[in-house]
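In what follows, a single structure is set out as structure tokens and then discussed.
Just so we're clear, the structure is a prediction, and the values are computed from it rather than from any experiment. Proteins get letters first, then strands, A, B, ... in listed order; numbering begins at 1 in each.
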Protein chains: 2
Amino acid sequence: MIEERRERADAARNRRAILRATEDLLARHRPEQISMEQVAAAAGVGKGTVFHRFGSRMGLMVALMQERAYALEEAVASGPPPLGPGAPPEERLIAFLDAIVDVVGRNKGLLAALGHAATAAPRPEWKEHGEHRDEDGDHPVYRFWHGHTSALIAARRPDLDGELLAHILLGSLQSEPVLRLLERGEAKRLAASLRVMASGMLTAPALA
Amino acid sequence: MIEERRERADAARNRRAILRATEDLLARHRPEQISMEQVAAAAGVGKGTVFHRFGSRMGLMVALMQERAYALEEAVASGPPPLGPGAPPEERLIAFLDAIVDVVGRNKGLLAALGHAATAAPRPEWKEHGEHRDEDGDHPVYRFWHGHTSALIAARRPDLDGELLAHILLGSLQSEPVLRLLERGEAKRLAASLRVMASGMLTAPALA
DNA sequence: TGTCGAACTTGACCGCAGGTCCACTTTACC
DNA sequence: GGTAAAGTGGACCTGCGGTCAAGTTCGACA
């Protein structure tokens, strides 16, 4: 693919300003309570600019999430074990879940917002803005998380429905009560229970 | 408590009409995509009536959910095993999860709407309309589900964090991908995987 | 059966947030 | 410097959740 036109300097500056402002707001409020006008004001740009760059409310959240998730993605693909390749699936899964709890914990409900992508009835056609939702309605970040999780499950227990189990595991991070927990700073507690679920699952009796 | 004034006949008729209309709409659309005006129109009443009866969008969903959940609540409290009392916790848990999947499966995303109760910033004071959200922000229906689930877990594995594990188990039913599965009619598959999770959890190695 | 107050109904109306639009400004390449 | 493409801003549109005050219906009781 031929080199795409580079992003203009001012545009890049604003993009970062918006992202940063959103981050700030996100540290204090749930994603659903943050209005785009607020974001624009906080970033010191016009509302139109925000929409121009990110297409929609969801687009913004998604972009932020992507940024956050990037490091993790790297670590998984080529970092040191147990997160990276090399360790046994069981340990990798646990490490991965811990890492995700960490990311989610730092971004109150961002995942939830992500999950609710389907909520906003998407306009018929999508601008060329960055990411689209693929035919399954999932976003690349979730895609990756889910893919990795289910692969690890399958590696250890090919007899189980790894796909679904991964959805269940990850999905639990979107629920209100769990989010509330995270807000209270009990990430460790969450991670511990997820570990129980994961290892229990991997050692579960064969299908009944 | 002294006998409350009986509901007027026309009011009762309208209440049922609204509930029924909502049910219909819910069979075809996600709760977030249904507007109150739509409901009102479908029920053949004014928008004001809907709000008068149910207080808010959430109130409506909640009322519907409650209706659906009632039978289950009965069955658990005093029905025959394995759902009702008598069977060992493990079996009761599995039976309960199956039942919940069934209820949720029949009401696309109602649970999700419930979970997102916190979304709509509640008005300072609540009218006397039916249910309020208690200080924890959870609704009675979820309360019951969670209470029962965590009690069953604790009965078998007092060493685990039953409270949280119950949230995780139930929370997974709110996630988009899982909901999508349900919409495709794969309730059985979901139930099977939940069973794996539950029994795996109950037989998981002691805390590390 | 007639009367009367409470319960109920209604739809116009409010405020707000997401998203669109387009006239205007800035950038970067020549 | 000139110029076309990229970027910007904010007025504006739309549709939604929720309110309200004026009008209507019910049903208890005489």
Side-chain angles (χ1 to χ4, degrees), chain A residues 3-19 21-22 25 29-62 113 116-130, chain B residues 3-18 21-22 25 29-63 113 116-130:
Chain A
E3 167 82 49
E4 310 221 336
R5 251 289 211 290
R6 227 175 64 74
E7 183 179 45
R8 253 168 58 172
D10 54 342
R13 203 182 326 122
N14 279 339
R15 205 181 82 259
R16 273 196 323 230
I18 293 170
L19 251 9
T22 309
L25 290 241
H29 311 283
R30 297 285 188 87
E32 325 86 70
Q33 338 180 292
I34 299 175
S35 82
M36 297 300 266
E37 310 221 25
Q38 249 176 95
V39 170
V45 304
K47 188 162 71 148
T49 303
V50 179
F51 279 92
H52 181 62
R53 295 243 81 69
F54 298 99
S56 74
R57 173 195 189 64
M58 267 301 303
L60 212 203
M61 300 301 176
V62 150
H116 271 256
T119 294
R123 286 278 151 203
E125 43 73 40
W126 247 152
K127 310 248 175 92
E128 76 302 334
H129 288 306
Chain B
E3 166 81 48
E4 311 220 337
R5 251 288 211 291
R6 225 173 67 73
E7 184 178 44
R8 249 169 63 173
D10 56 340
R13 203 184 325 122
N14 278 340
R15 206 181 81 257
R16 274 195 323 227
I18 293 170
T22 309
L25 290 243
H29 312 283
R30 297 288 185 87
E32 324 86 68
Q33 334 180 295
I34 299 176
S35 82
M36 296 302 263
E37 310 219 24
Q38 249 176 95
V39 170
V45 303
K47 187 165 71 149
T49 304
V50 179
F51 279 94
H52 182 61
R53 294 245 80 70
F54 298 100
S56 75
R57 173 196 188 65
M58 266 302 303
L60 213 204
M61 300 302 178
V62 150
H116 271 254
T119 295
R123 286 274 150 206
E125 42 73 40
W126 245 155
K127 308 249 176 92
E128 77 300 334
H129 290 305

Any A:Met36 side-chain heavy atom under 4.5 Å of A:Leu60 side chain | yes
Side-chain touch A:Phe54/A:Arg15, heavy atoms, less than 4.5 angstrom |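 Touching, per the 4.5 Å side-chain cut-off.
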Do any N or O atoms of the protein come closer than 3.5 Å to N or O atoms of nucleotides 20-23 of chain D, and which pairs are they?
none

In Å, rounded to the nearest 0.5 Å, how long is the span from CE of B:Met61 to OG1 of B:Thr22?
->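 Answer for the CE-OG1 pair, B:Met61 versus B:Thr22, is 6.5 Å.
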Counting N and O atoms only, with roles assigned by atom type, does the side chain of A:Arg57 sit under 3.5 Å from a partner on the main chain of A:Ile34, one being a donor and the other an acceptor?
->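 At least one qualifying donor-acceptor pair exists.
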Could you check which of [options] has an atom nearest any side-chain atom of [X]?
{"X": "A:Asn14", "options": "C:dC8, C:dA12, D:dT8", "result": "D:dT8"}
{"X": "A:Lys47", "options": "D:dT8, D:dG17, C:dG19", "result": "C:dG19"}
{"X": "B:Arg8", "options": "C:dT20, D:dA6, D:dG27", "result": "D:dG27"}

Just how far, in rounded Å, is [atom2] of [N] from [atom1] of [X]?
{"X": "A:Phe54", "N": "C:dG18", "atom1": "CZ", "atom2": "C1'", "answer": "16 Å"}
{"X": "A:Asp10", "N": "D:dT8", "atom1": "CG", "atom2": "C1'", "answer": "9 Å"}
{"X": "B:Ile18", "N": "C:dT9", "atom1": "CD1", "atom2": "C1'", "answer": "10 Å"}
{"X": "A:Glu7", "N": "C:dT27", "atom1": "CD", "atom2": "P", "answer": "14 Å"}
{"X": "A:Arg15", "N": "D:dG9", "atom1": "CZ", "atom2": "C1'", "answer": "19 Å"}
{"X": "A:Arg16", "N": "D:dG7", "atom1": "CZ", "atom2": "C1'", "answer": "16 Å"}
{"X": "B:Met58", "N": "D:dC16", "atom1": "CE", "atom2": "C1'", "answer": "17 Å"}
{"X": "B:Arg53", "N": "C:dT10", "atom1": "CZ", "atom2": "C1'", "answer": "14 Å"}

Let me know, please, whether B:Ala9 or A:Ala12 comes out on the 5' side of the other along DNA chain D by nearest nucleotide.
-> A:Ala12
Tell me which residues in residues 34-42 of chain A put a heavy atom below 4.0 Å from DNA chain D, sorted by number, or none.
-> none
Over all atoms of both residues, closest heavy-atom pair of B:Ala43 and B:Ala17 =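 Shortest heavy-atom contact: CB-O, 3.8 Å.
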Closest non-hydrogen atom pair between A:Ala21 and A:Val39, with its separation | CB-O, 4.2 Å
Please identify each residue that fulfils side-chain hydrogen bond (donor to acceptor under 3.5 Å, both in side chains) with B:Arg8, with sequence neighbours left out.
-> B:Asp10
